[in-house]
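This report refers to the structure that appears directly beneath it.
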Amino acid sequence: MDYSDVSTIAAWVTEQGLKGASEAELMTGFCAACRNAGLPLDRGLALMDTLHPVHEGRAFRWDSVEEIEAEFEYGPTSSGEAAANWQRSAFYHLWSGNEREVRRRLGFGDPTDFSMLDKIAEAGHTDFVAMMHRFSEAGTIGEMDCFFSHFATKHPEGFSDHDLAILRKLVPVLGLAIKCIALGRIARTIAEVYLGEDAARQVMEGKISRGKSERISAALWFSDLLNYTKISDRVPPEEIIPLLNDYSEVAISAIHEAGGNVLKLIGDGVLAIFKGEVPAETCRAALSAESLLREKLAALNAARATDGRATTDVYIGLHIGDVFYGNIGSQDRLDFTVIGPAVNEVSRIASMCRSVDLNLLISSDFAAAIPQEERAALACVGRYALRGVQRAQELYTLDSARLNG
């Protein structure tokens with residue numbers, strides 16, 4: 001492999017990074033191109049931490065012969081077996097020290113003193129090199145502070161000095177391209193986590209200007225926890241966040257599984273919408289989410305009761321109507337949400353649950369949007385004036401909806 005190949009491979013990596021190729025595609029293409037140009041690569045791995053509520057980072061692998069999983073996500077490495085494995089790795093050795101590169105000539109007597117080196121040697125690899133390219137403070141996001149990579153060869157003579165010089169020139173280009181793609185993924189993750197999947201998609205597609213909104217018809221969901229204030233007064237302060245997390249998890253997962261989008265978490269409350277062209281279908285999806293929530297809630301309450309922890313119920317208001325969906329706020333602080341009278345109404349309907357001792361209340365508009373044959377499952381609970389809403393309306397519930405107290 002000569003230095004003219006370096007320019008060709010670097011140009012390919014740059015082009016693919018600009019096109020938005022996945023990290024796995026970049027890693028696979030890079031290693032294959034190096035091998036085809038004469039660099040004796042037989043194994044490659046790259047990894048980078050990320051900013052994600054569940055995963056610590058992502059890794060990308062390539063092998064010249066074996067079919068392997070090209071990419072995988074890994075969880076926290078701060079405790080247990082994962083921490084022990086991380087601390088035995090060549091990458092940890094680099095990260096915790098001052099070196100940028102570490103090499104083990106496995107076929108020539110060097111020790112297999114890092115995790116996985118024994119298996120790499122058993123597979124016939126004769127030489128191994130691990131590299132770390134650290135980011136400056138300005139280029140760091142969360143724990144994403146460096147790019148790790150390692151490469152191995154089965155060549156009888158291992159890597160030559162020329163081979164290593166080539167890798168040292170090319171790997172930073174690969175790292176920059178992978179970081180570029182990772183940053184895009186992080187932006188999408190942050191948007192989805194804090195805005196919701198649909199709102200995040202619209203923001204990432206460019207709908208970021210203040211006042212940019214659309215009028216949509218949607219089924220609306222507003223839910224709250226029963227007796228949350230009383231519970232928070234009597235349980236230890238350190239139990240409040242776990243309680244909110246447990247009950248938010250069952251509500252949000254039920255909404256997502258039924259095709260809804262959670263727009264806001266307001267203390268112990270959840271505001272969500274179910275979008276669609278056919279009102280009956282959006283209402284059916286909202287009712288499906290309510291049913292899923294009850295199943296999840298029963299399991300959660302049983303588990304918490306077994307552990308001697310506080311339990312509660314979720315009360316829900318369902319409504320349907322036209323809302324404005326988009327950006328509201330100041331020039332430098334926006335919220336992507338829904339506004340309109342229907343949003344106010346659904347929150348008022350939910351708050352009525354406590355007054356009528358029911359865990360589900362449905363507006364008359366929502367009931368009217370349900371097909372006639374399905375409406376038989378609803379029971380009218382009376383006509384009510386809602387606070388802040390001009391018109392009184394009949395409210396409905398499912399025959400099975402009752403508060404647990």
Side-chain angles (χ1 to χ4, degrees), residues 1 5-6 9 13 23-24 26-28 30-49 56-72 74 77-78 80-135 145-176 178-179:
M1 183 176 184
D5 296 314
V6 172
I9 294 171
V13 171
E23 300 99 316
L26 286 167
M27 184 65 181
T28 298
F30 171 83
C31 291
C34 287
R35 182 177 172 85
N36 291 338
L39 193 66
L41 286 188
D42 288 288
R43 175 191 174 100
L45 180 142
L47 64 84
M48 187 184 294
D49 284 352
E56 184 174 292
R58 295 166 60 83
F60 318 99
R61 301 188 296 184
W62 171 86
D63 192 280
S64 62
V65 177
E66 184 182 354
E67 289 190 12
I68 58 175
E69 185 180 13
E71 63 180 285
F72 61 91
Y74 53 89
T77 56
S78 56
E81 185 178 355
N85 290 336
W86 162 241
Q87 292 168 10
R88 291 197 305 268
S89 70
F91 293 149
Y92 180 80
H93 173 81
L94 294 173
W95 181 80
S96 60
N98 297 317
E99 298 175 84
R100 294 183 56 185
E101 180 181 307
V102 63
R103 182 184 184 188
R104 291 293 183 266
R105 290 174 58 77
L106 303 173
F108 306 91
D110 281 2
T112 56
D113 51 345
F114 299 124
S115 60
M116 297 300 296
L117 277 190
D118 52 347
K119 293 182 179 180
I120 292 173
E122 288 171 7
H125 296 92
T126 59
D127 210 345
F128 168 92
V129 61
M131 300 178 176
M132 178 190 68
H133 294 84
R134 198 183 293 274
F135 308 150
D145 57 358
C146 57
F147 173 69
F148 292 112
S149 60
H150 80 221
F151 302 93
T153 182
K154 294 179 179 178
H155 193 282
E157 298 179 7
F159 290 123
S160 67
D161 291 343
H162 179 71
D163 295 334
L164 294 177
I166 294 291
L167 280 175
R168 292 178 189 126
K169 287 183 175 293
L170 282 174
V171 171
V173 181
L174 174 67
L176 182 60
I178 286 180
K179 182 182 180 183

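Sequence positions, counted from 1, serve as the residue numbers for this chain. These figures come from a predicted structure and were not determined experimentally.
By the 4.5 Å heavy-atom criterion applied to side chains, His133 and Phe148 are not counted as neighbours. When side chains are defined from C-beta on, Trp86 counts as touching Phe91, because their heavy atoms get closer than 4.5 Å. For the pair Leu170/Cys34, a side-chain contact is recorded, criterion being any heavy-atom separation below 4.5 Å from C-beta on. By the 4.5 Å heavy-atom criterion applied to side chains, Phe128 and Thr153 are not counted as neighbours. Thr126 is not listed as a side-chain neighbour of Pro156, based on a closest heavy-atom distance of 4.5 Å or more. At a threshold of 4.5 Å between non-hydrogen side-chain atoms, the residues Gln87 and His93 do not count as touching. Using a 4.5 Å cut-off on side-chain heavy atoms (C-beta onward), Leu47 and Phe60 make no contact. Two residues are said to be in side-chain contact when any heavy atoms from C-beta on lie closer than 4.5 Å; Arg88 and Phe114 fail this criterion.
Judged purely by atom type and a 3.5 angstrom limit, Arg100 has no side-chain atom pairing as donor or acceptor with the backbone of Met131. In this structure a side-chain-to-backbone donor-acceptor pair under 3.5 Å is present from Asn36 to Ala32. Checked by atom type and distance alone, the side chain of His155 pairs as donor or acceptor with a backbone atom of Glu157 at under 3.5 Å.
For the atom pair CZ (Arg61) and SG (Cys31), the distance works out to 12.5 Å, reported to the nearest 0.5 Å. Here the straight-line distance linking atom CZ of Arg43 with atom CD of Glu66 works out to 8.0 Å at 0.5 Å rounding. Note that NE2 of His125 and NZ of Lys119 are 14.0 Å apart. Values are rounded to the nearest 0.5 Å. Note that NZ of Lys154 is 5.5 Å distant from OG of Ser64, once rounded to the nearest 0.5 Å. For the atom pair CD of Glu56 and CG of Asp49, the computed distance is 4.5 Å after rounding to the nearest 0.5 Å. In this structure, Asp63 CG and Thr28 OG1 are separated by 10.5 Å, a value rounded to the nearest 0.5 Å.
In summary, Asp113 and Arg104 engage in a salt bridge, as defined by a charged side-chain N under 4.0 Å from a carboxylate O. Note on Asp127 versus Arg105: salt bridge recorded, some NZ/NE/NH1/NH2 to OD/OE distance being below 4.0 Å. Electrostatic pairing of Arg35 and Asp42 counts as a salt bridge here, judged by a charged N lying under 4.0 Å from a carboxylate O. A salt bridge links Arg58 to Glu71: one of the charged nitrogens lies within less than 4.0 Å of a carboxylate oxygen.
Between Tyr92 and Asn85, the side chains place no donor N or O within less than 3.5 Å of an acceptor N or O (distance only, hydrogens not considered).
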**Candidate pair Arg134 and Trp95, rule side chain to side chain contact (heavy atoms under 4.5 Å, CB included), full reasoning** = CA-CA 8 Å; Arg134 198 183 293 274; Trp95 181 80; 3.9 Å; yes

**Request:** Please report the C-alpha distance between Phe151 and Leu39 in whole Å, then the side-chain angles of each, then the deciding distance to 0.1 Å, and finally whether the side chain to side chain contact (heavy atoms under 4.5 Å, CB included) criterion is met.
**Result:** CA-CA 11 Å; Phe151 302 93; Leu39 193 66; over 6 Å; no

**Derivation and outcome, side chain to side chain contact (heavy atoms under 4.5 Å, CB included), residues Trp62 and Phe30** = CA-CA 9 Å; Trp62 171 86; Phe30 171 83; over 6 Å; no

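Taking each heavy atom of Ser78 and Ala83 in turn, the nearest pair found is C-CB, 3.7 Å. What you find for Leu26 and Leu174 is that their closest heavy atoms are O-CD1, 4.0 Å. Scanning both residues, Gly158 and Asp163, for their nearest heavy atoms gives O-OD2, 4.3 Å. The shortest non-hydrogen separation linking Ala152 to Phe159 is C-CZ, 3.7 Å. Listed here is the closest heavy atom pair of Leu94 and Ala130: CD1-O, 3.7 Å. Considering all non-hydrogen atoms of both residues, Ser149 and Val171 come closest at OG-CG1, 3.5 Å.
Remark: Lys179 fails to qualify as a cation-pi partner of Phe147 under the 6.0 Å distance and 45° angle criteria applied to the six-membered ring.
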